[in-house]
Visitor: 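To start, I am sharing the structure in question, which I have written as structure tokens.
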Amino acid sequence: MGFFDFLTEEIAIDLGTANTLIIHNAKVVVDSPSIVARDRMTGKIIAAGKEAAMMQGKTHENIKTIRPLKDGVIADFDASEQMLTRFIKEIPALKKKLFAPALRMVICIPSGITEVEMRAVKESAERVNGKEVYLIHEPMAAAIGIGVDIMQPKGNMVVDIGGGTTEIAVLALGGIVCDRSVKVAGDVFTNDIIYYMRTQHNLYVGERTAEKIKIQIGAATEDLEVPPEEMSVQGRDLLTGKPKQVDISYREIAKALDKSILRIEDAVMETLSQTPPELAADIYNTGVYLAGGGSMLRGLDKRLSQKTDLPVYIAEDPLRAVVRGTGIALKSIEKFKSILIK
Ligand SMILES: Nc1ncnc2c1ncn2[C@@H]1O[C@H](COP(=O)(O)OP(=O)(O)OP(=O)(O)O)[C@@H](O)[C@H]1O
Ligand SMILES: [Mg+2]
């Protein structure tokens with residue numbers, strides 16, 4: 001405890017491809033889409049988060065919306081730093097402060113990240129006033145957030161299906177024993193739907209519409225117990241150029257997503273096949289935990305369960321499991337010292 005510790009604030013950040021979440025004082029204070037809008041003339045960021053997301057696909061030539069992260073890593077550093085700065089400034093308890101406080105932070109990073117990318121994330125955090133910055137691997141944070149005791153000599157498997165990447169990891173004794181990271185997750189599902197609509201219905205739909213389709217009627221299998229109703233989708237007819245509407249069923253979306261889900265299944269199977277036998281025995285008993293927004297796709301848990309012959313559980317509030325775990329690590333930095341990267 002230093003003398004100036006009262007000037008330091010603690011925050012936990014899940015800087016995701018699709019959503020950025022921040023915990024301060026054990027509460028989620030930021031939960032916003034990872035997107036910014038930039039004025040092309042001045043180069044200034046004019047909006048971030050929800051406000052920028054509303055502009056997506058509806059901009060004119062002077063405004064451009066940017067998603068600073070791609071495939072789970074920062075693709076546009078300037079935009080990502082400005083986005084983080086804005087989000088941190090919006091935290092109600094920090095807004096009231098006279099001076100921008102020094103920050104102790106824990107930020108999660110994908111397990112497949114390179115050394116160079118890791119350093120870049122850290123430097124970015126330091127530039128937004130991070131005085132003490134720790135990094136934590138995402139699957140580890142997800143497991144802590146789900147409530148798994150990762151320090152035990154017991155194997156657990158976690159699959160985090162986010163926007164940019166699916167991270168699969170077997171954890172034991174506070175470490176990652178084997179893992180896979182594939183660039184197939186929510187964003188790819190959305191693009192699969194855009195492609196399907198274009199090729200099967202000659203209908204050109206934007207990203208926001210495709211994501212809506214995914215959430216409203218998306219499915220990982222045609223064999224659903226409670227199937228959603230058909231959905232009317234509007235877009236532009238590719239042949240006539242006119243606006244048009246078609247009705248879509250979840251079965252079509254299940255077909256559209258099948259190949260991508262197969263790739264996730266394969267990655268899970270590969271990870272299982274590399275798991276040491278003692279840990280495989282543990283996983284046989286405990287099953288597989290799912291986290292991330294992509295895990296909410298209808299029937300995905302059932303499909304993975306059939307493929308692996310294991311029980312599959314979706315985390316409570318899967319979109320927040322990672323930031324919850326990151327927040328827990330922040331609260332007990334001493335306890336989790338061995339897994340935090342300084
Ligand atoms: N009900 C739902 N059904 C299917 N997909 C959903 C649902 N709700 C959200 N998603 C998808 O989840 C994804 C976002 O999940 P999440 O916030 O976990 O990703 P992220 O952490 O930002 O990404 P990453 O971990 O890859 O960097 C988006 O692609 C979104 O479309
Ligand atoms: Mg994530």
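The structure displayed is predicted, hence computed values, not measured ones. We count ligands from 1, going down the list as the structure has it; atoms in each ligand are counted the same way.
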Visitor: Pick out the protein N or O atoms lying less than 3.5 Å from any N or O of ligand 1, and list each pair with its distance.
Guide:
from: ligand 1; atom 1: 12 (O); to: G294; atom 2: N; distance (Å): 3.4
from: ligand 1; atom 1: 15 (O); to: G293; atom 2: N; distance (Å): 3.2
from: ligand 1; atom 1: 17 (O); to: N19; atom 2: ND2; distance (Å): 2.8
from: ligand 1; atom 1: 18 (O); to: G293; atom 2: N; distance (Å): 2.9
from: ligand 1; atom 1: 19 (O); to: G163; atom 2: N; distance (Å): 3.0
from: ligand 1; atom 1: 22 (O); to: T17; atom 2: N; distance (Å): 3.2
from: ligand 1; atom 1: 22 (O); to: A18; atom 2: N; distance (Å): 2.7
from: ligand 1; atom 1: 22 (O); to: N19; atom 2: N; distance (Å): 2.8
from: ligand 1; atom 1: 23 (O); to: T17; atom 2: N; distance (Å): 3.4
from: ligand 1; atom 1: 23 (O); to: G163; atom 2: N; distance (Å): 2.9
from: ligand 1; atom 1: 26 (O); to: G163; atom 2: N; distance (Å): 3.2
from: ligand 1; atom 1: 26 (O); to: G164; atom 2: N; distance (Å): 2.8
from: ligand 1; atom 1: 26 (O); to: T165; atom 2: N; distance (Å): 3.0
from: ligand 1; atom 1: 27 (O); to: T17; atom 2: N; distance (Å): 2.7
from: ligand 1; atom 1: 27 (O); to: T17; atom 2: OG1; distance (Å): 2.7
from: ligand 1; atom 1: 29 (O); to: K214; atom 2: NZ; distance (Å): 3.2
from: ligand 1; atom 1: 31 (O); to: E211; atom 2: OE2; distance (Å): 2.5
from: ligand 1; atom 1: 31 (O); to: K214; atom 2: NZ; distance (Å): 2.7

Visitor: Find the distance between CD1 (I46) and NZ (K64) and round it off to the nearest 0.5 Å.
Guide: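 One finds 13.0 Å between CD1 of I46 and NZ of K64.
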
Visitor: Rounded to the nearest 0.5 Å, what separates atom NE2 in H24 from atom CD in E10?
Guide: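 Taking NE2 in H24 and CD in E10, the distance rounds to 8.0 Å.
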
Visitor: Can you list every salt bridge (Lys or Arg N to Asp or Glu O under 4.0 Å) pair that touches residues 188-215, not counting sequence neighbours?
Guide: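 The answer is R67-E207.
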
Visitor: For E270, does the CD atom have more than 12 heavy-atom neighbours from other residues, nucleotides or ligands under 6.0 Å away?
Guide: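 Yes, enclosed.
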
Visitor: Under 4.5 Å side-chain heavy-atom separation, chaining through any Ile, Leu, Val, Met, Phe, Trp or Tyr, what else clusters with I333? Say none if it is isolated.
Guide: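 In the cluster with I333 are V106, Y134, I136, M140, I144, I146, V148, I150, M151, V158, L171, I176, Y289, Y313, I328, L330, F336, I339, L340.
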
Visitor: Using ring pair (Phe, Tyr, Trp, His ring centres under 6.0 Å) as the criterion, list what pairs up with H201, not counting sequence neighbours.
Guide: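 Ring pair (Phe, Tyr, Trp, His ring centres under 6.0 Å) list for H201, sorted by chain: Y196.
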
